[in-house]
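Below is one structure; the comments refer to it alone.
Note that the structure is a prediction, hence the values are computed from the model and not measured. Chain letters run A, B, ... following the sequence lines, proteins first and then strands; every chain starts at 1.
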Amino acid sequence: MSLIVFNTLGNRKEPFEPLEEGKVRMYVCGVTVYDLCHLGHARANMVFDFIYRYLLHSGFDVTYVRNFTDIDDKIIKRANEEGVDFRVISERYIQAFYEDMGRLGLLSPTFEPKATEHIDGIIELVSRLIERGHAYVVDGDVYFAIDTFPDYGKLSGKNLEELEAGARVDVDERKRNPLDFALWKKSKPGEPSWESPWGPGRPGWHIECSVMSMKHLGDSFDIHGGGKDLVFPHHENEIAQSECATGKIFARYWIHNGFVNIDKEKMSKSLGNIFTIREILEKIHPEVLRFFFAGTHYRSPIDYSDRSIREAKAGLDRIYTFYDRFLRAEEKAPELKEEETASGSVEEEDETALLTLEERFRAAMDDDFNTAAAMGFLFDAIRRLNRYYREDPAQDPESSAFFLKGGEKVTSLLRVLGFLSDDPVSYFRYGIEGKLKEKGISLDRVLDMVREREEARKVKDFTRADAIRDTLKSWGIILEDTPSGTFWKFEEEG
RNA sequence: GGCGGCAUAGCCAAGUGGUAAGGCAGGGGCCUGCAAAGCCCUCAUUCCCCGGUUCGAAUCCGGGUGCCGCCUCCA
């Protein structure tokens, strides 16, 4: 069993063989920090979080680099609008990025370099490209000459004639080829700039990724990732400039994630359907978003809508209900985990299903990180295990032992994908303050009512108990009576 | 116009040429004071259409149709 990944370079699945055995060097294009992160960023980063976590789980020593583009036109524009230094803008959004990604439960990459911290390296790489005849200086700007790289287009599957014919950009007369791109941009007066052999200026967009990836990962490394939209021109250009500078293969496996659509439409500023991560997290638990993303293969487009989120929440609720049962069982009868399995009360089919669970999970993940299939196996296991759950383990130790042992497996695999970072109670009450406030109800009031209802039930005053339950229901609160007490949570909503 | 991708139940979605995972929603039942949660049963003789290859195709090939993405800053 070994990992297969879909490589955009070549457009097919390939066995994954790292340059150095047991070690993976991975670079993922990060964000340009000029605004808050939206759902699309959430998906891209979540997808690579799944990949990162799975590679770690598979035993690889992973060096994961994700950059910040902290100097570019949009940042400058924003800074001008606010009348502040561009660093004020970039720092602000870098902090916001950390907050958002932290809340999404993403593991931190090994390195998170910033473009402005690598200006020397950028100048050096650009100089080398000029020396080697792959770049030329025009009036303070430096361009990469794509005609000097015969492989140009190999990633995106384009050929030069088509590209030139289809070029819609305004043709800059100073470029030798309309598709030549800027490595270094001369700065206009008042713009942030760094000294360089070609005069004051700043790096072009593509060059920073080549410099930062090679600095941390070497001239050649294993995985380079990003959103599908980066294939052309960004990644194509990175390959051109990197391979021309070093004469070596740049990244070997190119992984690109699909887009997020909103109600079947592309997210765009003009449609006004861009949701920021923090806006979404006001309403829904971060893991609901994680579950939502895990449900679709990373290369496919995914459609965000009230309905799809409601369905994702329902699915994750099921997982957390199971997790809650598992924790309770573990607390009640920890010794059962040590019990020998072979027991008459467990169906052979269920026993087998649990024994092969990890294998099936791995096979799915090994097949180009198929999280959706992996989740399917986990749900199958959860359904089977729920049959063996007993409120009182002492009544049926054999079943309970099976439930506990299976639960341990299932929860550990869920954690591989970044789930179960919360405890069940706080999961089910996520956003409680905001929700109660919206309805003008205090938490104490809810707690009192739940207590009062329990009292009423004890004395079999079911009319009173049901009345209270109905009232709570009208506030969107669902009650669950269990032998160990009454539990309450919010019902599903958008 | 060029390049690429996708079309699987009411919805979401996986699917390695061998006889359609899983989730959500729905229906019936068990459990429950009643519920909720959970469990059981049920829910695509069929995978956009038409041909072909094959003993056998959702999976491969050819031709349609329909969506989508990239080619311009974009995750």
Do the ring planes of A/Y98 and A/F68 sit parallel (below 30°), tilted (30 to 60°) or perpendicular (above 60°)? perpendicular

Which of parallel (below 30°), tilted (30 to 60°) and perpendicular (above 60°) describes A/Y54 and A/F369? perpendicular

With respect to the side chain of A/K266, which nucleotide from B/C39, B/A75, B/G69 is positioned closest? B/G69

Side chains of A/E238 and A/S210 only: does a donor on one sit below 3.5 Å from an acceptor on the other? no

Sugar-phosphate only, base, or nothing, as touched by A/F379 at under 4.0 Å among non-hydrogen atoms: sugar-phosphate

Rounding to an integer number of angstrom, what distance separates B/U46 and B/A57 when you compare their P atoms? 14 Å

Which nucleotide sits closest to the side chain of A/E480: B/G4, B/A37, B/G33? B/A37

Looking at B/G4, B/G69, B/G38, which one has an atom nearest to any side-chain atom of A/T321? B/G38

Just call it for A/V260: base, sugar-phosphate, or nothing, with non-hydrogen atoms closer than 4.0 Å on any strand. base

Counting the atoms with a prime plus P, OP1 and OP2 as sugar-phosphate, which does A/N386 contact under 4.0 Å by heavy atoms, base, sugar-phosphate, or nothing? sugar-phosphate

Find the distance between OG (A/S213) and CD1 (A/I223) and round it off to the nearest 0.5 Å. 13.5 Å

Output yes when at least one side-chain N/O atom of A/R310 is less than 4.0 Å from OP1 or OP2 of B/C24, else no. no

May I have the distance from A/D317 (atom CG) to B/C24 (atom P), rounded to whole angstrom? 10 Å

Classify the side chain of A/R457 and the base of B/G33 as holding, or not holding, a donor-acceptor pair under 3.5 Å. yes

For A/F259 and B/A75, say yes or no: do the ring centres fall under 5.5 Å of each other while the ring planes differ by less than 30°? yes

Side chain A/R469 and base B/A35 donor-acceptor under 3.5 Å: yes

Among the nucleotides B/A75, B/A37, B/C24, whichever has the atom closest to the side chain of A/K489 is B/A37

I'd like the C1' distance from B/A75 over to B/G69, given in whole Å. 13 Å

Within the structure, does a side-chain N or O atom of A/K313 lie under 4.0 Å from either OP1 or OP2 of B/A25? no

Tell me the ring-ring contact (aromatic ring centres under 6.0 Å, His included) pairs involving residues 314-333 of chain A, sequence neighbours left out? A/Y320-A/Y323, A/Y320-A/Y427, A/F322-A/F403

Could you tell me whether A/R453 contacts a base, only the sugar-phosphate backbone, or nothing, with contacts defined as non-hydrogen atoms closer than 4.0 Å? base

How is A/K74 classified with respect to the nucleic acid when contacts are heavy atoms under 4.0 Å: base, sugar-phosphate, or nothing? sugar-phosphate

What integer number of Å spans the P atoms of B/G27 and B/C43? 16 Å

Which nucleotides of nucleotides 9-16 of chain B have their base under 4.0 Å from a protein heavy atom (B), which only their sugar-phosphate (S), and which neither (-), written as one string 5' to 3'? -BBSSSS-

Looking only at atom types and distance, does a side-chain atom of A/D49 sit under 3.5 Å from a main-chain N or O of A/L106, one as donor and one as acceptor? no

When you get a sec, tell me which of B/A75, B/C71, B/C39 is the closest nucleotide to the side chain of A/H41? B/A75

What does the 5'-to-3' dot-bracket notation of RNA chain B look like when only Watson-Crick and G-U wobble pairs under 3.5 Å count, and pairs to other strands show as |? ((((((((.[[[..)..(...]]].(((((.......))))).....[[[[[..)....]]]]])))))))....

With heavy atoms under 4.0 Å as the rule, sort A/N11 into base, sugar-phosphate or nothing. sugar-phosphate

Do the side-chain N or O atoms of A/W205 get closer than 4.0 angstrom to the phosphate oxygens (OP1, OP2) of B/C74? yes

Look at the side-chain N and O atoms of A/R318 and state whether any lies under 4.0 Å from the OP1 or OP2 oxygen of B/C39. yes

